[in-house]
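The structure under discussion appears below in the form of structure tokens.
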Protein chains: 2
Amino acid sequence: MSDVPQLPPSLLDITVFLLSKVGVAGRRRMGDGLKAYGIGLWDLAVLAALRDFGPASQGDLGVRLGIDPSDLVAVMDTLAPRGLVERTRDPRDRRRYSVTITSAGVALLDEALVAAAGVRDDVLAALDERERALLHDLLRKAFAGIEPRARAT
Amino acid sequence: MSDVPQLPPSLLDITVFLLSKVGVAGRRRMGDGLKAYGIGLWDLAVLAALRDFGPASQGDLGVRLGIDPSDLVAVMDTLAPRGLVERTRDPRDRRRYSVTITSAGVALLDEALVAAAGVRDDVLAALDERERALLHDLLRKAFAGIEPRARAT
DNA sequence: AGAATTCCTTGGTAAGAACCAATAATTTAC
DNA sequence: GTAAATTATTGGTTCTTACCAAGGAATTCT
């Protein structure tokens with residue numbers, strides 16, 4: 001319990017530094033938390049997009065989520081064989097798939113979102129309920145202010 | 001200027017998701033901002049540690065900042081030839097270096113910290129002064145609450 | 001003095017994400 | 001009907017970060 005100043009105050013005064021550190025820690029823990037469900041962060045994003053916006057082609061998903069089409073293939077190859085999404089050829093344009101989330105996919109998404117909340121509570125353990133909500137709102141606002149083009153990562 | 005909901009609300013409700021996105025964006029912009037000074041994020045951290053805590057051996061720096069000793073070598077090889085730090089053999093133990101920040105190093109650190117503030121203002125453009133301070137405090141608190149062992153990234 | 005340990009260094013590995021080029025199948029445009 | 005564009009896919013590169021293993025130089029232990 002020694003309060004030795006491990007990190008230089010100069011660094012701790014840099015908001016972006018803290019943002020990055022907490023962000024990376026959160027991202028890694030989120031990845032770990034999702035492993036129990038056999039999915040990754042991109043899989044979660046795709047499931048969420050399909051549930052929130054309905055069926056879409058892989059191209060649409062890529063544009064919306066900022067994922068390269070080629071990377072999306074790996075995601076689909078994870079989700080489809082497990083019956084979490086259904087890939088059917090669009091009859092009006094048989095080049096493209098119509099990707100639909102299944103009921104199993106929705107169920108898993110719900111579980112994963114609960115897990116995500118658990119990860120949040122873990123990473124933000126030092127903050128109380130009100131502070132977490134405040135942080136969320138601030139991040140949301142900041143995120144919305146970032147150039148959409150530069151938002152993809 | 002269309003306000004089409006690009007990203008699924010389900011994702012935007014995940015604090016860790018926002019944290020990661022804003023964090024990555026910030027980190028990348030910070031890296032870009034520091035390029036003008038010919039240094040990276042680790043270089044900045046080392047300079048800050050040396051100024052805040054005084055001369056140290058590379059081993060100490062590695063432990064304090066959570067950098068692998070082997071990775072620290074590259075940092076030193078960036079800073080030393082430019083005269084930003086001075087590497088002198090500790091006369092009492094000639095295995096270890098005594099790394100000291102130079103006046104040129106302090107000057108560059110100050111400039112880099114100004115640049116860091118600029119990056120913050122850029123990334124958090126959507127937040128006003130008060131909100132930025134609030135966000136900083138929340139992040140600081142959250143960061144302090146993260147397991148020190150898991151804090152290194 | 002000899003053995004073990006510490007500090008820095010070199011070099012290589014592994015994981016993760018983003019990115020890009022080329023291709024087959026299909027559709028659209030001319 | 002032929003050419004051009006689009007969709008999904010394959011296969012690969014690049015970049016960053018973290019991590020590990022071994023070795024030379026110097027110290028400490030016994």
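Numbers restart at 1 for each chain; the letters A, B, ... are given by sequence-line order, proteins then strands.
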Legend entry - Atom pair distance, as rounded to whole Å: CD in Gln58(A) and P in dT6(D): 17 Å
Legend entry - Separation of atom CG in Asp90(B) from atom P in dT28(D), rounded to whole Å: 10 Å
Legend entry - Intermediate values then yes/no, side-chain contact (heavy atoms from CB on, under 4.5 Å), Lys21(B) and Leu7(B): CA-CA 12 Å; Lys21(B) 284 292 180 188; Leu7(B) 287 170; 5.9 Å; no
Please list each protein N or O that sits under 3.5 Å from an N or O in nucleotides 20-23 of chain D, with the distance.
residue	atom	partner	partner atom	Å
dC20(D)	N4	Ser70(B)	OG	2.6

Legend entry - N-O pairing of Lys35(B) and Asp32(B) below 4.0 Å: yes
Inset, instruction - Look at Arg51(A) together with Asp110(A) and state whether they make a salt bridge at an N to O cut-off of under 4.0 Å. - result: yes
Inset, instruction - Could you grab the distance from atom CD of Glu111(B) to atom CG of Leu34(B), nearest 0.5 Å is fine? - result: 11.5 Å
Legend entry - Nearest-0.5 Å distance, CG of residue Leu11(A) to CG of residue Asp52(B): 7.5 Å
Legend entry - salt bridge (charged side-chain N to carboxylate O under 4.0 Å, His left out) between Asp90(B) and Arg92(B), worked out: CA-CA 5 Å; Asp90(B) 184 338; Arg92(B) 310 167 57 116; 5.2 Å; no
Inset, instruction - Check the surroundings of atom CD in Glu86(A): do more than 12 heavy atoms from other residues, nucleotides or ligands lie under 6.0 Å from it? - result: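 Not buried by this count: 12 neighbours or fewer within 6.0 Å.
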Legend entry - Minimum side-chain heavy-atom gap Leu44(B)-Leu109(B) below 4.5 Å: yes
Inset, instruction - Kindly express the pairing pattern of DNA chain C in dot-bracket notation, using | wherever a base pairs with another strand and counting only Watson-Crick or G-U pairs under 3.5 Å. - result: ||||||||||||||||||||||||||||||
Inset, instruction - With heavy atoms under 4.0 Å as the rule, sort Arg89(B) into base, sugar-phosphate or nothing. - result: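 Nothing, no nucleic acid heavy atom in range.
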Inset, instruction - Name the nucleic acid region contacted by Arg92(A), choosing base, sugar-phosphate or nothing; use a 4.0 angstrom heavy-atom cut-off, strictly under. - result: nothing
Inset, instruction - Residues of residues 93-100 of chain A with any non-hydrogen atom less than 4.0 angstrom from an atom of DNA chain C: list those, numerically ordered, please. - result: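 Within this stretch, Asp93(A), Arg94(A), Arg95(A) sit under 4.0 Å of the strand.
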Inset, instruction - Name the residue closer to the 5' end of DNA chain C, choosing between Leu41(A) and Pro91(A) according to the nucleotide with the nearest heavy atom. - result: Leu41(A)
Inset, instruction - Among dT17(D), dT9(C), dT10(D), find the nucleotide with the atom closest to the side chain of Val73(A). - result: dT10(D)
